[in-house]
Amino acid sequence: MGILDGKIAIITGAGQGLGEGAAHAMTQEGACVALWGRTFEKVERVANDINKAGGRALAIKCDVSIRAEVDEALKKTIEAFGKLDILATNHFAFAPYGTMEDTPLETWDYEYRNNVIGTVNCMQACFPYLKETGKTRHAKVITYGSASGTTGSPTMSAYAASKEAIVGLTRVAAVEWGKYCINVNCIIPTG
């Protein structure tokens with residue numbers, strides 16, 4: 001028995017790195033996972049690995065910066081699993097680096113569209129299901145910031161700012177959604 005037995009989780013950016021690690025960790029603790037990613041082959045590989053190991057995972061192609069794709073991925077998740085307990089918004093985008101004075105507006109737009117708006121799209125779409133879960137047990141939202149924002153990493157202004165924006169929206173959601181028994185926390189990986 002694991003601490004996540006019977007739980008259903010969505011993990012975005014689940015085709016590699018932290019997302020892949022979170023997917024394996026959650027399934028080892030008993031969760032069923034919907035793995036969302038822009039590159040289907042990556043999330044399909046992770047899902048296949050989990051399923052071969054005896055877990056239950058579903059791979060779904062989804063660009064979280066596009067709300068219609070988020071809505072469709074959520075529909076597929078609910079059709080497969082029936083409910084939602086955990087949302088982990090691990091997705092992120094890196095644009096070309098440059099100094100603050102040289103970073104073009106297109107880079108800022110790319111970072112915010114993918115990192116911030118992608119997180120908002122997922123949180124807003126999933127909210128009704130998380131709120132329903134909160135009626136009987138706590139639901140969870142896990143967002144991901146970055147040490148580049150907290151430390152002020154040189155040449156990463158757009159990325160760092162987008163990740164700090166996620167920290168801010170996490171704080172607001174934690175305050176607003178707590179009354180629905182939805183826990184909202186931000187992880188800031190380092191190293």
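Nothing fancy with the numbering, it's 1 onward along the sequence.
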field: Side-chain donor or acceptor of Lys163 paired with backbone N/O of Tyr144 under 3.5 Å
entry: yes
message: I want to check something: taking the side chain as every heavy atom from C-beta on, are Leu74 and Tyr129 in contact at a cut-off of under 4.5 Å?
response: yes
message: Main chain of His91, side chain of Thr12: is a donor-acceptor contact present, judged purely on distance under 3.5 Å?
response: yes
- prompt: Closest heavy-atom contact between Met26 and Ile86?
  reply: CE-CG2, 4.1 Å
Plane angle bin for Phe127 and Trp177 - parallel if under 30°, tilted between 30 and 60°, otherwise perpendicular: tilted
Atom pair CD1 (Ile66) and CZ (Arg38), whose distance is rounded to the nearest 0.5 Å: 9.5 Å
message: Let me confirm one number: the CD1-SG distance from Ile10 to Cys126, rounded to the nearest 0.5 Å.
response: 4.0 Å
- prompt: Quick one: which of Asp85, Leu84, Val33 gives a side-chain contact (heavy atoms from CB on, under 4.5 Å) with Lys7?
  reply: Asp85
message: Could you report the tightest heavy-atom contact between Ala57 and Asn51, atom names first, then the distance?
response: N-OD1, 2.8 Å
field: Which atom of Val167 lies closest to which atom of Gly145, heavy atoms considered
entry: CG2-CA, 4.5 Å
field: Distance (rounded to the nearest 0.5 Å) between Gln16 CD and Asn90 CG
entry: 9.0 Å
message: For residues Val70 and Phe81: do they belong to one hydrophobic cluster (side chain heavy atoms under 4.5 Å, members Ile, Leu, Val, Met, Phe, Trp, Tyr)?
response: yes
- request: Could you walk me through whether Val184 and Glu176 pass the side chain to side chain contact (heavy atoms under 4.5 Å, CB included) test, one step at a time?
  value: CA-CA 10 Å; Val184 187; Glu176 292 182 351; over 6 Å; no
task: Dump the intermediate steps for side chain to side chain contact (heavy atoms under 4.5 Å, CB included) on Gln28 and Leu4, then the final yes or no.
output: CA-CA 9 Å; Gln28 288 167 2; Leu4 298 179; over 6 Å; no
field: Minimum heavy-atom distance between Arg45 and Gly15, given as atom pair plus value
entry: NH2-O, 3.1 Å
- prompt: How long is the gap from CE on Met100 to OG1 on Thr155, to the nearest 0.5 Å?
  reply: 12.5 Å
field: Residue pair Asp71, Arg67: steps toward the salt bridge (charged side-chain N to carboxylate O under 4.0 Å, His left out) verdict
entry: CA-CA 6 Å; Asp71 291 341; Arg67 180 59 187 260; 2.9 Å; yes
task: Please assess Val43 against Ile60 for the test side chain to side chain contact (heavy atoms under 4.5 Å, CB included), listing each intermediate value before the final yes or no.
output: CA-CA 7 Å; Val43 290; Ile60 300 173; over 6 Å; no
- prompt: Can Ile166 be reached from Val172 by stepping across I, L, V, M, F, W or Y side chains whose heavy atoms are under 4.5 Å apart?
  reply: no
- prompt: In Å and rounded to the nearest 0.5 Å, what is the CZ to OG distance from Phe92 to Ser146?
  reply: 9.0 Å
Crowding at NZ, Lys42 (>12 non-hydrogen neighbours, <6.0 Å): no
message: side chain to side chain contact (heavy atoms under 4.5 Å, CB included) for Asp63 and Asn114? Distances and angles first, verdict last.
response: CA-CA 8 Å; Asp63 180 340; Asn114 285 282; 4.2 Å; yes
query: Do Thr170 and Thr143 have side-chain N/O donor and acceptor atoms under 3.5 Å apart?
result: yes
field: Residue pair Val64 / Asn121: nearest heavy atoms and the distance that separates them
entry: O-ND2, 2.9 Å
field: Nearest heavy atoms of Val116 and Ser162, plus distance in Å
entry: CG2-O, 3.4 Å
